[in-house]
Amino acid sequence: MNIIVTGASRGIGFEIVKAFAGTGGNRIVALARNINNLERLKSVCETMPSGKDLEIIQVDLSDMDGIFSMLVPKINSLFPNLDILINNAGYLVNKPFKDIQRDELNEMIRINLMVPFTLIQSLVELLKKGDKSHVINISSMGGIQGSVKFPGLSAYSMTKGGLGILTECLAEEYRDTNISFNCLALGSVQTEMLEEAFPGYRAPLTPEEMANFIVDFAVNGQKLFNGKILPVSLSTP
Ligand SMILES: NC(=O)c1ccc[n+]([C@@H]2O[C@H](COP(=O)([O-])OP(=O)(O)OC[C@H]3O[C@@H](n4cnc5c(N)ncnc54)[C@H](OP(=O)(O)O)[C@@H]3O)[C@@H](O)[C@H]2O)c1
């Protein structure tokens with residue numbers, strides 16, 4: 001399968017790429033800014049069944065022009081079709097509503113919402129060439145209507161809620177194609193993002209545990225789900 005994972009330099013994305021590399025027959029493109037971490041990922045995967053077919057690309061996804069001028073042409077040159085796109089890259093600022101700065105708000109909207117929108121839009125023709133393609137948008141429990149909300153996460157949760165609605169809309173708009181769109185709303189996972197936002201909090205899941213679920217869902221979930229926002233959480237009711 002031909003696979004793209006954003007936010008692959010650490011946390012859940014890093015483990016998603018490792019899990020895909022652990023199965024033969026996968027060609028994986030892993031995206032993030034931190035090239036040292038991406039190179040570490042490449043070396044960790046080197047001896048795995050699909051490790052040789054892992055391409056790391058250093059990219060700042062907040063540079064929309066770069067997505068069009070560099071990233072999309074590069075992906076088109078690597079893949080004849082795309083089977084799985086996992087929009088996992090995320091950005092979180094935990095601050096009281098009144099203190100959130102304009103640049104922080106812009107960055108959350110850009111990374112959590114505009115980047116998935118733009119990547120899907122730019123890659124939809126490649127996704128159409130697949131057999132049964134699957135787009136997975138990684139959201140958060142905070143983005144689910146009626147879930148418990150946390151102070152400090154207004155902007156972050158707003159963007160993640162939007163990502164869920166985008167998923168529902170695209171499933172409808174592309175209903176008659178081979179592409180399925182689903183959104184996984186994660187509960188807490190012990191990553192650097194979580195530690196930075198909530199120092200000292202201990203999550204019930206490791207990135208590896210969550211990544212294994214996401215990879216299994218990416219491969220099989222489109223047989224059962226389309227246009228769904230699915231809570232994947234032990235922590236948040
Ligand atoms: N951990 C949790 O408890 C939790 C709960 C609910 C939802 N989620 C969601 O799950 C996803 C993964 O979370 P995580 O905890 O693994 O986060 P993380 O450890 O902070 O990793 C985020 C990833 O996004 C990438 N990224 C951020 N800004 C980027 C940019 N401008 N350009 C390119 N890549 C960028 C980072 O790479 P670089 O810095 O190298 O660019 C990194 O690889 C996120 O969407 C998050 O919102 C996490």
Side-chain angles (χ1 to χ4, degrees), residues 4-19 29-42 56-67 70-71 85-94 103-104 106-119 136-144 147-150 152-153 155-164 166-167 183-215 217-218 229-236:
I4 298 175
V5 182
T6 70
S9 63
R10 66 181 202 174
I12 298 163
F14 190 96
E15 295 297 331
I16 290 173
V17 172
K18 275 172 59 188
V29 168
L31 308 176
R33 289 167 300 184
N34 187 320
I35 190 64
N36 292 335
N37 284 4
L38 286 176
E39 278 167 357
R40 190 166 64 83
L41 175 64
K42 177 89 183 143
I56 53 169
I57 302 179
Q58 182 183 31
V59 60
D60 183 351
L61 291 170
S62 54
D63 171 16
M64 292 286 165
D65 292 341
I67 292 182
M70 184 280 281
L71 185 60
L85 168 62
I86 303 192
N87 283 307
N88 165 77
Y91 181 61
L92 184 160
V93 174
N94 177 7
D103 60 339
E104 294 168 334
N106 281 340
E107 191 65 356
M108 279 186 272
I109 293 172
R110 208 165 19 232
I111 297 299
N112 298 343
L113 208 44
M114 289 177 69
V115 164
F117 184 107
T118 304
L119 276 181
I136 302 208
N137 294 322
I138 301 296
S139 179
S140 164
M141 281 304 293
I144 297 251
S147 70
V148 169
K149 298 295 185 289
F150 297 95
L153 297 187
Y156 173 76
S157 300
M158 168 189 84
T159 60
K160 291 297 192 178
L163 187 58
L166 173 67
T167 309
C183 178
L184 298 178
L186 311 188
S188 58
V189 181
Q190 196 58 47
T191 66
E192 281 149 295
M193 173 191 274
L194 189 84
E195 178 58 29
E196 285 158 16
F198 300 98
Y201 174 82
R202 295 304 301 172
L205 286 177
T206 65
E208 190 179 2
E209 287 169 324
M210 184 58 89
N212 287 339
F213 173 82
I214 293 170
V215 166
F217 183 80
I229 305 167
L230 301 169
V232 186
S233 174
L234 282 173
S235 51
T236 309

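Computed over heavy atoms, backbone and side chain alike; hydrogens, waters and symmetry mates excluded. Atoms within each ligand, like the ligands themselves, are counted from 1 in listed order.
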Just do the side chain to side chain contact (heavy atoms under 4.5 Å, CB included) check on Arg33 and Leu38 with the steps written out, would you? CA-CA 8 Å; Arg33 289 167 300 184; Leu38 286 176; over 6 Å; no
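The immediate protein surroundings of ligand 1, defined as residues with any heavy atom under 4.0 Å of it, consist of Gly7, Ala8, Ser9, Arg10, Gly11, Ile12, Ala32, Arg33, Asn34, Val59, Asp60, Leu61, Ser62, Asn88, Ala89, Gly90, Ile111, Ile138, Ser139, Ser140, Tyr156, Lys160, Leu186, Gly187, Ser188, Val189, Thr191, Met193, Leu194.
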Can I get a per-line list of side-chain donor-acceptor pairs under 3.5 Å for residues 204-213, giving both atom names and the distance, sequence neighbours left out?
unit_1: Thr206; atom_1: OG1; unit_2: Glu209; atom_2: N; d: 3.1
unit_1: Thr206; atom_1: OG1; unit_2: Glu209; atom_2: OE1; d: 3.3
unit_1: Glu209; atom_1: OE1; unit_2: Thr206; atom_2: N; d: 2.9
unit_1: Asn212; atom_1: ND2; unit_2: Glu208; atom_2: O; d: 3.4

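Using a cutoff of 4.0 Å between basic side-chain nitrogens and carboxylate oxygens, Arg10 and Glu196 are scored as salt-bridged.
Side-chain atoms of Thr159 and Asn112 form a donor-acceptor pair, as typed in the model, at a separation below 3.5 Å.
The CZ atom of Phe14 sits 4.0 Å away from the CZ atom of Arg40 when rounded to the nearest 0.5 Å. Taken to the nearest 0.5 Å, the NZ atom of Lys42 stands 11.0 Å off from the CD1 atom of Ile35.
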